[in-house]
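A quick write-up on the structure given underneath.
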Number of protein chains: 2
Amino acid sequence: MNMQAQTRKGRKFDQVIDGARNIFLSQGFEGASVDVIARQAGVSKATLYSYFPDKQALFMAVLNQECDLQRRAQMDIEFLQRDVRDALHHLAYSMLEFLMSDEGVSIFRVCVAEAQRFPKLGRAFYETGPSTAMSHVAGYLSTPKVGNMLDIDDPMKAADLFMKLCRGDLMLRRLLCVSNETTHEEVSEAADEVVATFIARYRKA
Amino acid sequence: MNMQAQTRKGRKFDQVIDGARNIFLSQGFEGASVDVIARQAGVSKATLYSYFPDKQALFMAVLNQECDLQRRAQMDIEFLQRDVRDALHHLAYSMLEFLMSDEGVSIFRVCVAEAQRFPKLGRAFYETGPSTAMSHVAGYLSTPKVGNMLDIDDPMKAADLFMKLCRGDLMLRRLLCVSNETTHEEVSEAADEVVATFIARYRKA
DNA sequence: CAAAAACTGAACTGATCGGTTTACAATGAG
DNA sequence: CTCATTGTAAACCGATCAGTTCAGTTTTTG
């Protein structure tokens with residue numbers, strides 16, 4: 001009967017999420033007023049509140065959608081086939097691209113900002129975001145192919161290192177709005193550096 | 001005539017800064033109301049506004065004081081004397097201790113949170129905080145003593161790596177309020193890991 | 001002591017915000 | 001067509017907040 005599997009409740013649901021996403025990511029949680037979100041979404045405030053009980057629930061919905069998207073986009077299986085060095089570079093590059101993107105920076109900023117007064121949010125973000133990513137990396141690092149080249153005893157610790165290496169001065173400057181532009185060359189160079197350091201740490205003795 | 005070198009303007013100046021520090025670091029910038037700050041400082045709101053033109057200026061004053069304190073506390077020269085490995089460990093340990101402390105986390109959180117709507121703050125924090133620290137580390141890494149043991153061509157890049165290595169999963173969990181407790185052993189272990197990786201990357205060929 | 005400077009407490013302004021309500025219009029399925 | 005669902009616009013509520021004002025008190029200073 002229904003073309004869509006489930007129209008959540010009404011036709012405007014997606015508009016609301018999209019509008020909220022826009023405003024939240026550019027203004028933060030406190031900075032985003034519900035009136036502005038409703039206007040941006042092209043929806044009345046009453047409609048918005050018929051979908052979500054309050055502002056926090058709306059924010060959580062946006063966060064979940066965003067993390068889902070990122071998770072899906074990451075980790076195309078194809079790269080597992082490549083040479084380990086190439087695969088690591090690809091992995092570092094795509095992770096850096098996300099971390100440095102407007103979306104990545106915004107969502108991280110907002111979650112860190114609100115974590116104290118809204119702990120459920122911090123935890124949700126950590127688990128659907130960085131923690132999941134780290135597990136994926138650890139999974140790859142446990143592969144026999146990697147085991148041939150590197151001597152990794154604790155894959156989670158190694159994955160932590162790998163991700164640490166991606167979060168450097170570049171990202172700090174972005175988070176703090178010191179410099180807002182980053183070239184693809186800079187990113188690729190940074191990815192080189194990540195791989196070099198990672199292999200230096202874990203190469204076979 | 002005056003016992004103190006300079007009483008800035010009035011007697012209550014320090015009270016105001018201290019009170020503001022308390023509230024800002026625990027509640028964030030938006031979350032801290034000026035009335036609450038004044039009450040915490042034991043000062044009338046009128047007095048507070050006689051020292052600072054507005055809430056942002058007050059926050060900047062707190063930030064500057066905080067970064068000054070941390071800068072002064074860091075980098076005791078004594079550690080330069082030690083064995084390089086020990087010195088690096090000491091450096092990593094004290095940096096980690098600060099990054100994981102309530103103060104360190106709070107100030108970082110607030111600055112990241114407000115950087116977008118208050119860019120001057122982000123820049124000020126970056127420069128008096130992480131950037132200065134990185135320069136200090138780079139300075140030490142340029143030392144002949146270090147040069148004897150490690151092969152560092154670009155000290156700033158190396159310092160960036162060193163600091164990256166300090167900002168791992170542990171700190172992420174703290175920032176996002178996933179886990180609020182960290183033992184000294186965990187920190188010391190993390191410092192070991194920092195040093196091991198750093199030396200692996202830069203040891204002489 | 002006397003005058004100037006610093007401070008107080010409380011009321012007040014003007015604005016914003018999250019969330020609710022109400023009276024009404026558009027939509028869409030049977 | 002009919003009627004329930006879904007949506008709208010705007011007023012409204014109660015609360016909070018940054019910043020000001022002012023009449024009066026305390027502290028400092030000379």
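Quantities reported herein were computed from a predicted structural model and do not represent experimental measurements. In what follows, chains are A, B, ... by sequence order, proteins preceding strands, each numbered from 1.
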For the pair made of [atom1] in [X] and [atom2] in [N], what is the distance, rounded to whole Å?
{"X": "A/Leu48", "N": "D/dT8", "atom1": "CG", "atom2": "P", "result": "10 Å"}
{"X": "B/Arg11", "N": "C/dT8", "atom1": "CZ", "atom2": "P", "result": "7 Å"}
{"X": "A/Lys12", "N": "C/dG28", "atom1": "NZ", "atom2": "P", "result": "10 Å"}
{"X": "A/Phe24", "N": "C/dC17", "atom1": "CZ", "atom2": "P", "result": "13 Å"}
{"X": "A/Arg39", "N": "C/dT16", "atom1": "CZ", "atom2": "C1'", "result": "13 Å"}
{"X": "A/Tyr51", "N": "C/dT20", "atom1": "OH", "atom2": "C1'", "result": "18 Å"}
{"X": "A/Ile37", "N": "C/dG19", "atom1": "CD1", "atom2": "C1'", "result": "13 Å"}

Check this for me, if you would: do [X] and [Y] make a salt bridge, where the nitrogen-to-carboxylate-oxygen distance has to be below 4.0 angstrom?
{"X": "B/Arg173", "Y": "A/Glu127", "answer": "no"}
{"X": "A/Arg201", "Y": "B/Glu193", "answer": "yes"}
{"X": "B/Glu30", "Y": "B/Arg117", "answer": "yes"}

I'd like to know whether NZ of A/Lys145 has more than 12 heavy-atom contacts from other residues, nucleotides or ligands below 6.0 angstrom.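 Yes, NZ of A/Lys145 has more than 12 neighbouring heavy atoms, counting only those of other groups under 6.0 Å.
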
Using a cut-off of less than 4.0 Å, is there contact between a side-chain N or O of B/Thr47 and OP1 or OP2 of C/dT8?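 Result: yes.
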
Test: side chain to side chain donor-acceptor pair (under 3.5 Å). Region: residues 17-27 of chain B. Which pairs qualify, not counting sequence neighbours?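 Passing the test, one end in residues 17-27 of chain B: B/Arg21-B/Glu66, B/Arg21-B/Glu103.
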
Set out, line by line, the N/O atom pairs under 3.5 Å between protein and nucleotides 16-20 of chain D.
residue : atom : partner : partner atom : Å
D/dA18  : OP1  : B/Ala32 : O            : 3.3
D/dA18  : OP1  : B/Lys55 : NZ           : 2.7
D/dA18  : OP2  : B/Val34 : N            : 2.8
D/dG19  : OP2  : B/Tyr49 : OH           : 3.0
D/dG19  : OP2  : B/Lys55 : N            : 3.0
D/dG19  : N7   : B/Lys45 : NZ           : 2.6
D/dG19  : O6   : B/Lys45 : NZ           : 2.6

side-chain hydrogen bond (donor to acceptor under 3.5 Å, both in side chains) partners for A/Arg39, two or more places apart: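 Not a single residue meets the side-chain hydrogen bond (donor to acceptor under 3.5 Å, both in side chains) criterion with A/Arg39.
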
